[in-house]
Q: 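Structure incoming, see below.
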Amino acid sequence: MTAAATAANAASPPFVDFRHVWLAYEEQDSFAVEDITLSIAAGEFVAIVGPSGCGKSTFMKLATGLKPPTRGEIDVGGARVTRTLKIAGMAFQAPTLLPWRTTLDNVLLPLEIVEPYRSTFKRDRDRYAARAKALLATVGLEGYEDKFPWQLSGGMQQRASICRALVHQPKMLLLDEPFGALDAFTREELWCVLRDLWAAQRFTVVLVTHDLREAVFLADTVYVMSKRPGRILGRRAIDLPRPRDLEVTYTDHFTDLVHEMRERIGMVRKGG
Ligand SMILES: Nc1ncnc2c1ncn2[C@@H]1O[C@H](COP(=O)(O)OP(=O)(O)OP(=O)(O)O)[C@@H](O)[C@H]1O
Ligand SMILES: [Mg+2]
């Protein structure tokens, strides 16, 4: 972590704060995640990596209040999480656009559903549509507003999903393997799209990924989780200077960081 970020951490309370969080899905189940304690500063970009089934998506459900913890406490934005948060936007591995809605109408969906936008949606639709179109333009989808999802490529659908996650200007963006289904070129293009959106708006990001290069390129901090029951095994501050360009992925320091992550995960597989 940079000196500036450390100072900011010390000065302000964490934006996301997990304290000794445990979760069993059903009363009789074993724990899916165990004793998770971590803090995320406002505006921090965090990546979570770990083997399949270790509880990464479970972490997301806990962070947004979709699942209450069995034990422990979770605060987001200075308040205890007791129900589903409105200040979060989410996007997932498979783009989940509704096929009968145009790109623009898909992006507008959260505003039709989430208060305080919902009650004024009809009246303010033009203003919201302008906001959605501006977002679509920043991800390179200008001119595709009126196309249906099946008229877009996978990468374009995923861009639209990210716009939909951001249209209500959430303070926190949760991304669960958002680029997993894309080819390597499109994936790296979207890393840059996300990097630029984050640099401009500075929402807090939690990115779950299997791709260690993706984690190191994008994140300020990477957490490594153990296999089930998921625990946080390691935390690594990524000290690559910003702004980061794809060129950085060809440097020795970048490769060293990725190797270090891979070794930690290797230890998880053998020892954990
Ligand atoms: N709704 C559920 N009910 C019961 N068990 C669940 C539920 N969702 C997940 N689990 C279990 O909790 C554990 C963690 O699941 P989770 O989906 O968080 O893993 P993950 O790290 O996201 O995996 P992947 O990388 O494959 O997406 C797994 O053992 C899974 O079977
Ligand atoms: Mg998952």
Side-chain angles (χ1 to χ4, degrees), residues 16-38 40 45-74 76 81-85 88-97 154 157-158 161-162 164-165 170 172-184 187 190-191 194 204-219 221-236 258 261-272:
V16 178
D17 197 17
F18 275 58
R19 292 186 301 276
H20 302 292
V21 171
W22 302 59
L23 179 84
Y25 276 97
E26 309 289 341
E27 220 168 288
Q28 67 278 15
D29 275 9
S30 59
F31 289 103
V33 296
E34 225 175 66
D35 201 21
I36 305 258
T37 295
L38 65 83
I40 303 173
F45 197 129
V46 159
I48 299 183
V49 298
S52 182
C54 74
K56 302 182 296 296
S57 298
T58 302
F59 178 92
M60 299 300 217
K61 291 180 209 166
L62 288 161
T64 47
L66 283 170
K67 274 275 160 195
T70 311
R71 289 188 213 158
E73 289 157 354
I74 302 167
V76 174
V81 176
T82 50
R83 55 197 172 90
T84 314
L85 289 183
M90 290 187 93
F92 306 97
Q93 175 161 8
T96 47
L97 303 175
Q157 291 181 42
Q158 202 52 289
S161 300
I162 291 171
R164 184 182 53 188
M172 177 163 73
L173 178 64
L174 299 174
L175 300 169
D176 197 346
E177 300 217 38
F179 311 132
L182 305 173
D183 67 85
R187 194 180 309 152
L190 290 197
W191 293 355
L194 177 58
T204 306
V205 185
V206 182
L207 167 73
V208 160
T209 179
H210 281 128
D211 184 340
L212 302 179
R213 293 175 66 248
E214 179 172 301
V216 171
F217 178 68
L218 286 168
T221 315
V222 179
Y223 288 93
V224 178
M225 284 182 77
S226 70
K227 68 180 195 191
R228 182 177 179 142
R231 277 165 293 126
I232 302 289
L233 283 183
R235 172 185 192 280
R236 180 65 161 93
V258 173
M261 295 290 141
R262 197 172 299 285
E263 270 171 21
R264 284 197 196 193
I265 299 217
M267 287 190 308
V268 173
R269 290 238 165 98
K270 276 182 248 137

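Whatever order the structure lists them in is the order used to number ligands and atoms, beginning at 1. Atom set for the values below is all heavy atoms of this structure, side chains included, hydrogens, waters and symmetry mates excluded.
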Q: Within a distance under 4.0 Å of any heavy atom of Lys61, pick out the atoms of ligand 1 and give their elements.
A: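 Taking each heavy atom of Lys61 in turn, ligand 1 has 8 (N) under 4.0 Å.
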Q: Indicate yes or no: at least one non-hydrogen side-chain atom of Arg264 is less than 4.5 angstrom from one of Leu233.
A: no
Q: Identify the closest protein heavy atom to atom 23 (O) of ligand 1: which residue and atom is it, and at what distance?
A: Gly53 N, 2.8 Å
Q: Can you find an N or O of Ala32 that's nearer than 3.5 Å to an N or O of ligand 1?
A: no
Q: Specify the closest pair of heavy atoms between Val76 and Ala63, including all atoms of both residues, with the distance to one decimal.
A: CG2-O, 3.8 Å
Q: Could you identify the single nearest non-hydrogen protein atom to atom 27 (O) of ligand 1 and state the distance to 0.1 Å?
A: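 Sorting protein heavy atoms by distance from atom 27 (O) of ligand 1 puts Ser57 OG, 4.0 Å first.
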Q: Just to confirm my output: which protein heavy-atom neighbour is closest to atom 25 (O) of ligand 1, and how far is it?
A: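 Residue, atom and distance for the closest contact: Lys56 NZ, 2.7 Å.
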Q: Students should be able to answer this: which protein heavy-atom is nearest to atom 5 (N) of ligand 1, and at what distance?
A: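 Checked against all protein heavy atoms, atom 5 (N) of ligand 1 sits closest to Tyr25 CD1, 3.3 Å.
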Q: Using a strict 4.0 Å cut-off to heavy atoms of Thr58, name the atoms of ligand 1 that fall inside it.
A: 14 (C), 15 (O), 16 (P), 18 (O)
Q: Are the side chain of Lys67 and the backbone N or O of Met60 linked by a donor-acceptor pair below 3.5 Å?
A: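 No, Lys67 side chain to Met60 backbone: no donor-acceptor pair under 3.5 Å.
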Q: Do Phe59 and Phe18 have ring centres separated by under 6.0 Å?
A: yes
Q: Give me the nearest non-hydrogen protein atom to atom 26 (O) of ligand 1 as residue plus atom name, then the distance to 0.1 Å.
A: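 In this structure, atom 26 (O) of ligand 1 has Ser52 OG, 2.6 Å as its nearest protein heavy atom.
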Q: Donor-acceptor pair, Arg187 side chain versus Leu182 backbone, under 3.5 Å?
A: yes
Q: Using every non-hydrogen atom in the two residues, find where Thr58 and Leu23 come nearest and quote the distance to one decimal.
A: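 It is CG2-CD2, 3.4 Å.
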Q: Side-chain contact, heavy-atom cut-off 4.5 Å: Met90 with Pro170?
A: no
Q: Who are the side chain to side chain contact (heavy atoms under 4.5 Å, CB included) partners of Thr37, not counting sequence neighbours?
A: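 Partners of Thr37 under the side chain to side chain contact (heavy atoms under 4.5 Å, CB included) test: His20, Asp35.
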Q: Is there a side-chain contact between Pro178 and Leu207, using heavy atoms and a 4.5 Å cut-off?
A: yes
Q: Using a cut-off of 2.8 Å, find all protein N, O or S atoms closer to the Mg ion (ligand 2) than that distance.
A: Ser57 OG
Q: At less than 4.0 angstrom from any non-hydrogen atom of His210, what atoms of ligand 1 do you find?
A: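 That gives atoms 25 (O) of ligand 1.
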Q: Which protein non-hydrogen atom lies closest to atom 30 (C) of ligand 1, naming both residue and atom, and how far is it?
A: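 Checking every protein heavy atom, the shortest distance to atom 30 (C) of ligand 1 gives Arg228 NH1, 3.9 Å.
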Q: Please tell me if the side chains of Val206 and Val16 come closer than 4.5 Å, counting only heavy atoms from C-beta onward.
A: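 No - every pair of side-chain heavy atoms lies 4.5 Å or more apart.
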Q: Hey, does the side chain of Glu214 reach the backbone of Trp191 with a donor-acceptor pair shorter than 3.5 angstrom?
A: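 The answer is no, because no donor-acceptor pair under 3.5 Å joins these two groups.
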